[in-house]
Each structure stands twice: as C-alpha cells, then as structure tokens.
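All values below come from the heavy atoms of this structure, side chains included, with hydrogens, waters and symmetry mates left out.
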Amino acid sequence: MTKNKENYFDQVYQVVKLIPKGRVTSYGAIANYLGLKSGARMVGYAMNSSHSQPDIPAHRVVNRAGVLTGKHHFETPFKMQELLEQEGIKIEKDKIIAFEQHFWDPIELEKTL
DNA sequence: AGTATGACGTCTC
DNA sequence: AGAGACGCCATAC
C-alpha cells in the first residue's frame, strides 16, 4: 500500500472521536498521547481536515488554555460554543470555564485499562 | 519545486 | 517574570 498514509492525522481523528460527551481535551494532550510533543499544530490542522470525517467533535478540542481558538472554523463561530454548552460546559469569552474540570486526556484510556 | 502559513506548545533570552 | 523565536508535519499557493 503505497498510498496508505496512516499519518497521525488518522490517529487524531480516532482519539477525538473517543472523547466522552461533556468532556474536552487539548491539542497538546492528543499530540502527547500520540508521541508528538510538539505536534500540537498538526492536531489542530487535522481538525481542519476533519471536514472529511463525519463524526469529529472538534468542538471538544481546544488549546491548552481552554480557549476555543478554532471556533472560527466551524459552520458558525458560535456553533462551537453552542455545542459545548449543550453538553453542559460553560463558556465565557470563548474560554471554557473550569476547563481542567472538563478536561479529558486520551491517556486516561490506557490508564483505566 | 520551493516558500509560507497554520484549530499549539515549549524553550530560551 | 514577560516577550520572542522555534519546532512539528502537512496543505496551499
């Protein structure tokens, strides 16, 4: 398979789809889980490509500060905040309140095993 | 084909 | 302690 580019792009999609409802994670957390400590940018960029994926809750992925940096890439800049609020997450000034409280890390998956 | 930029994060000065 | 620059891999022009 020469064109089988299972980049960590696909890995990111899998992890993002595994994010439990009402929980959020950060780009760095995913990158760290995949082993890319500095590849946080790629995680976010993968989200940009997430338009090719049907079930990518990109609204559950925010930056390290819990800020909805990518909200502008959604259907509407308010869609991201709306989706998060629907899951019980409060947002203020595009920032998640009690971010660490809703923070979820893919590492917990293996840790729970 | 090469350059520039990007939904971030960490290191260094 | 605050500000600036770099790194990561891929896509776009």
* Return the nearest nucleotide to the side chain of A:Tyr45; candidates are C:dC9, B:dG9, C:dA12. => C:dA12
* Which nucleotide in C:dC9, B:dG9, B:dA7 has an atom nearest any side-chain atom of A:Leu36 -> C:dC9
* Asked: What is the distance, rounded to the nearest whole Å, between atom CE of A:Met47 and atom C1' of C:dC9?
  -> 15 Å
* Asked: Expressed in angstrom and rounded to an integer, what is the separation of A:Ile56 atom CD1 from B:dA7 atom C1'?
  -> 13 Å
* To do: Write down the distance separating the P atoms in C:dA3 and B:dA7, rounded off to the nearest Å.
  => 23 Å
* What integer distance in Å separates A:Ile30:CD1 from B:dG9:C1'? -> 13 Å
* Asked: Rounded to the nearest Å, what distance is computed from the CZ atom of residue A:Arg64 to the P atom of nucleotide B:dC8?
  -> 14 Å
* To do: With heavy atoms under 4.0 Å as the rule, sort A:Ser49 into base, sugar-phosphate or nothing.
  => nothing
* Let me know the distance between CG of A:Leu84 and P of B:dA7, rounded to the nearest Å. => 18 Å
* Asked: Is there a donor and acceptor pair closer than 3.5 Å between the side chain of A:Arg41 and the base of B:dG9?
  -> no
* Shortest side-chain distance from A:Met42, nucleotide among B:dA7, C:dC8, B:dC8 -> C:dC8
* Asked: To the nearest Å, how far apart are A:Leu34 CG and C:dC9 P?
  -> 12 Å
* Asked: Considering only heavy atoms from C-beta outward, does the side chain of A:Asp94 approach that of A:Lys71 to under 4.5 Å?
  -> yes
* Asked: Can you tell me how far CD of A:Glu75 sits from NE2 of A:His51, rounded to the nearest 0.5 angstrom?
  -> 8.5 Å
* Is the side chain of A:Tyr33 donor-acceptor paired with the backbone N or O of A:Glu108 at a distance under 3.5 Å, no angle test? -> no
* Can you tell me the distance, in whole Å, between the NZ atom of A:Lys37 and the C1' atom of B:dT10? => 11 Å
* B:dA7 phosphate, OP1 or OP2: any side-chain N/O from A:Ser50 under 4.0 angstrom? -> no
* Structure fact -> Between A:Met80 and A:His59, the two heavy atoms sitting closest are CE-O, 3.5 Å
* Asked: What does A:Asn63 touch in the nucleic acid at a heavy-atom separation under 4.0 angstrom: a base, only the sugar-phosphate, or nothing?
  -> sugar-phosphate
* To do: Say whether, by atom type as modelled, one donor and one acceptor occur between the side chain of A:Thr25 and the main chain of A:Val61 under 3.5 angstrom.
  => no
* Looking across every strand, which nucleic acid part, if any, lies under 4.0 Å from A:Ala46 by heavy atom: base, sugar-phosphate, or nothing? -> nothing
* Check the distance between B:dA7's P and A:His51's NE2 and give it to me in whole angstrom. => 11 Å
